[in-house]
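All ligand and atom numbering here is 1-based and tracks the order in the structure. Being a predicted model, the structure only gives us computed values, none of them experimental.
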Amino acid sequence: MFYGVQATNQVVFYLLIISVQQSSQSSITETLLDSESARPIVHTPSGSFRGLEAQDGDYSMFLGIPYARVDPDNVFGPSIPIGFEGTFEAVEDTVRCPQVEEYNNTIMGKLDCLHINIFVPNSASIDNYLPVMIHIHGGRFQFGCAARDVHGPRFIVRHDVILITVNYRVGPYGFFCLNTPKVPGNQGLKDQVQALRWIKENIRYFGGDDSKITLGGNSAGSMSVDLLQHFLQEPLYNRVILQSGVLLTNGVIQHPDPDAPLKLSKQLNHITNDINDALSFLSRVDPHELIAATRDSGMIVGPCVENQFENVDNYITKYPTNMSSVRNVDVLIGFNNDEFFDKTITMQKEDFESRDFVSENLEDNYDFKNESHLSDEIKDIVRKFYYGDNPNSADNRRPGMNIIADFFMYNPVLRTVKKYLDSGVENMYFYMFSYLGDRSFSKYKCNTSHIKGGAAHGDELGYLFDVSYLKELLHDEDMLIVDRMTEFWTNFAKYGNPTPKPSKLIPLQWPRVSQDKLPYLEINTELRLGSRPMHERMSFLDLLYKHIGRYHKEHLWTGQ
Ligand SMILES: *[C@@H]1O[C@H](CO)[C@@H](O)[C@H](O)[C@H]1NC(C)=O
Ligand SMILES: *[C@@H]1O[C@H](CO)[C@@H](O)[C@H](O)[C@H]1NC(C)=O
Ligand SMILES: *[C@@H]1O[C@H](CO)[C@@H](O)[C@H](O)[C@H]1NC(C)=O
């Protein structure tokens, strides 16, 4: 009876839902199978979307749904919400926002990119609304995308949750941060908020439970989630998953170069001193040219603290590392046990040995001003802690690997756990992923399977998503890790608890974190409950922080 129905307003649709409730228990997408195309179709107040049936599982795909559009008159400014009259063919997920592709260094993408992909299990029905998991991709706010070839949904949707992946603007289009009301900064993050609003308003029409929305991300995606935890006022999600990325990592918040548009214009042979002239020039150049100019200039753009203007929506208004209050939701947080393995193992011997990891990391995090005596003393202590009396040698890279990972990831993540607890978060679970198998990113990227190491940055993703370029599952062990990871993650999305009851697959209960105990689950072929990960190194860094925290850059930050 719904075939061809165009529900353009909510009232009509509620009537449809009520009549379905009375008549059947069949899948939403089945019920709404389009008679002509035999393809799933969903009607929402924001438009109708005709998707595809998946070939590798019992689910439907709605690909490339535009949740907003880039303002053609202000491509560096906030995006505009959109709706559709008629039916949108939701079949294309390969569009990404303009960027340099991560692995092959080619420039790709277009500005019509503010899309989400929605993957709906056939078990979703009017009588069976399913929990929703949203995943925000990483990529240093410079690259990345929501496409299926890196976020294949089949392992997750078989657990009866809806998965949504999100594109947002990256690089200059997402993160120009200027002292002008038209381009106040953080456009890419504001895109994410637009996507969350769209999902909250529309997901029930796809069979999603809008009271069980879990927002997750990895790396810069996880930093984005941490930012939302600090700054988002609207209740657009119920749980969060933070995978290897937090704001306490120094350098997430950039100190913007207000002349960035002038410099990039000049590089593209348009010389001007007028910022508005530069912006209007840059908004007309081919996005690939601007991305190339940004890359060639070495300019880094990213999240920033915004200047405030009258009648302009702000997002990040304060320096977040010092903010003590975050949203009290269920939290799943953790990291991999060898985050910088791939980065350090692939360095040439000479490069590796010429680096001074102690000075670099101390200076990244601390500013000793003119107290060079103190700086030398502290460096000496840190060096002895990590190296003993040994030199930094390519034959033993372990100390260097640990220093980077500790300063950049492990200590900031663990301090974030404390911050969340202090802020009143009660239901929080901590993991450490340590499995290394054939679906690990680092192996694929570095071809280092012959060198002993742990799980590097991003390695967990191949066990949550069906990444097309990783080998097909070769052995049972990889599949076991996929089964466990997706069971933990989807249980958390359903119940706010990754192990609601012991099973054959997961014969244990994962305790939550508290003020005095920091239990964690080590995820590997053996599941192991540990307590306070890397506690010796972390206690050393905590002591250091306690002692010289006044020199820590987060305390010295002087911005607008
Ligand atoms: C680079 O990678 C992207 C994403 O996988 C692909 O679509 C594109 O064709 C590749 N380009 C080249 C030149 O290999
Ligand atoms: C990966 O490393 C192995 C062993 O060092 C080598 O034999 C092989 O050719 C490498 N593969 C690629 C694609 O570089
Ligand atoms: C951050 O907090 C410290 C300690 O409370 C304070 O001294 C510092 O001024 C704060 N920094 C900013 C940027 O708010």
Side-chain angles (χ1 to χ4, degrees), residues 51-52 54-56 61-66 70 89-119 135-156 163-175 188 191-192 195 217-221 224 243-244 285-296 298 301 342-343 346 437-448 456-474 478 482:
L52 295 168
Q55 301 302 310
D56 62 356
M61 312 188 282
F62 299 88
L63 305 177
I65 293 181
V70 174
E89 299 295 336
V91 297
E92 173 64 55
D93 70 330
T94 60
V95 173
R96 63 178 74 197
C97 295
Q99 61 185 264
V100 182
E101 205 271 342
E102 181 176 8
Y103 298 113
N104 62 24
N105 210 30
T106 48
I107 294 175
M108 331 176 39
K110 56 181 186 176
L111 277 171
D112 176 13
C113 65
L114 301 184
H115 304 167
I116 50 176
N117 305 312
I118 305 181
F119 304 100
H135 182 79
I136 311 274
H137 68 75
R140 282 184 256 140
F141 304 107
Q142 312 300 317
F143 50 82
C145 68
R148 259 177 314 160
D149 63 346
V150 278
H151 300 106
R154 75 178 160 117
F155 301 139
I156 288 178
L163 175 69
I164 304 179
T165 58
V166 181
N167 271 352
Y168 55 95
R169 277 175 291 172
V170 291
Y173 293 103
F175 293 97
D191 292 344
Q192 295 171 1
N218 73 294
S219 195
S224 302
Q243 295 169 218
S244 303
V285 305
D286 179 343
H288 288 203
E289 278 186 44
L290 178 58
I291 296 293
T294 311
R295 176 190 61 191
D296 298 344
V301 288
D342 54 335
K343 291 273 186 313
T346 49
D438 287 327
R439 299 184 61 82
S440 301
F441 264 106
S442 57
K443 272 192 162 183
Y444 168 77
K445 279 188 297 192
C446 324
N447 189 26
T448 52
H457 195 56
D459 274 352
E460 82 285 10
L461 292 173
Y463 304 92
L464 286 169
F465 298 108
D466 191 20
V467 183
S468 64
Y469 52 79
L470 295 177
K471 279 180 239 162
E472 267 306 295
L473 296 177
L474 286 180
D478 285 341
V482 168

Below 4.0 angstrom from a heavy atom of Thr106, which ligand 1 atoms are there? Numbered from 1 as shown, please.
-> 1 (C), 11 (N), 13 (C)
Atom 5 (O) of ligand 1: nearest protein contact (heavy atom, Å) = Glu101 OE2, 4.0 Å
Can you tell me which residue and heavy atom of the protein come closest to atom 7 (O) of ligand 1, and the distance to 0.1 Å?
-> Met108 CE, 3.7 Å
Is it true that Arg96 lies under 4.0 Å from ligand 1, counting heavy atoms only?
-> yes
Report the residues that fulfil side chain to side chain donor-acceptor pair (under 3.5 Å) with Asn117, sequence neighbours left out, ordered by chain and then residue number.
-> Thr165
For Phe441 and Asp459, work out which heavy atoms get closest and say how close.
-> N-OD1, 2.9 Å
Any donor-acceptor N or O pair under 3.5 Å, side chains [X], [Y]:
X	Y	answer
Gln243	Glu460	yes
Tyr168	Ser224	no
His457	Asn218	no

For atom 12 (C) of ligand 1, which candidate among Val100, Asn104, Ile107 provides the closest heavy atom?
-> Asn104
Can Leu114 and Cys97 be said to form a side chain to side chain contact (heavy atoms under 4.5 Å, CB included), step by step?
-> CA-CA 8 Å; Leu114 301 184; Cys97 295; 4.2 Å; yes
Would a 4.0 Å cut-off, counted as strictly less than, catch a protein heavy atom around atom 9 (O) of ligand 1?
-> no
Quick check: does Asp149 get an N/O under 3.5 Å from an N/O on ligand 1?
-> no
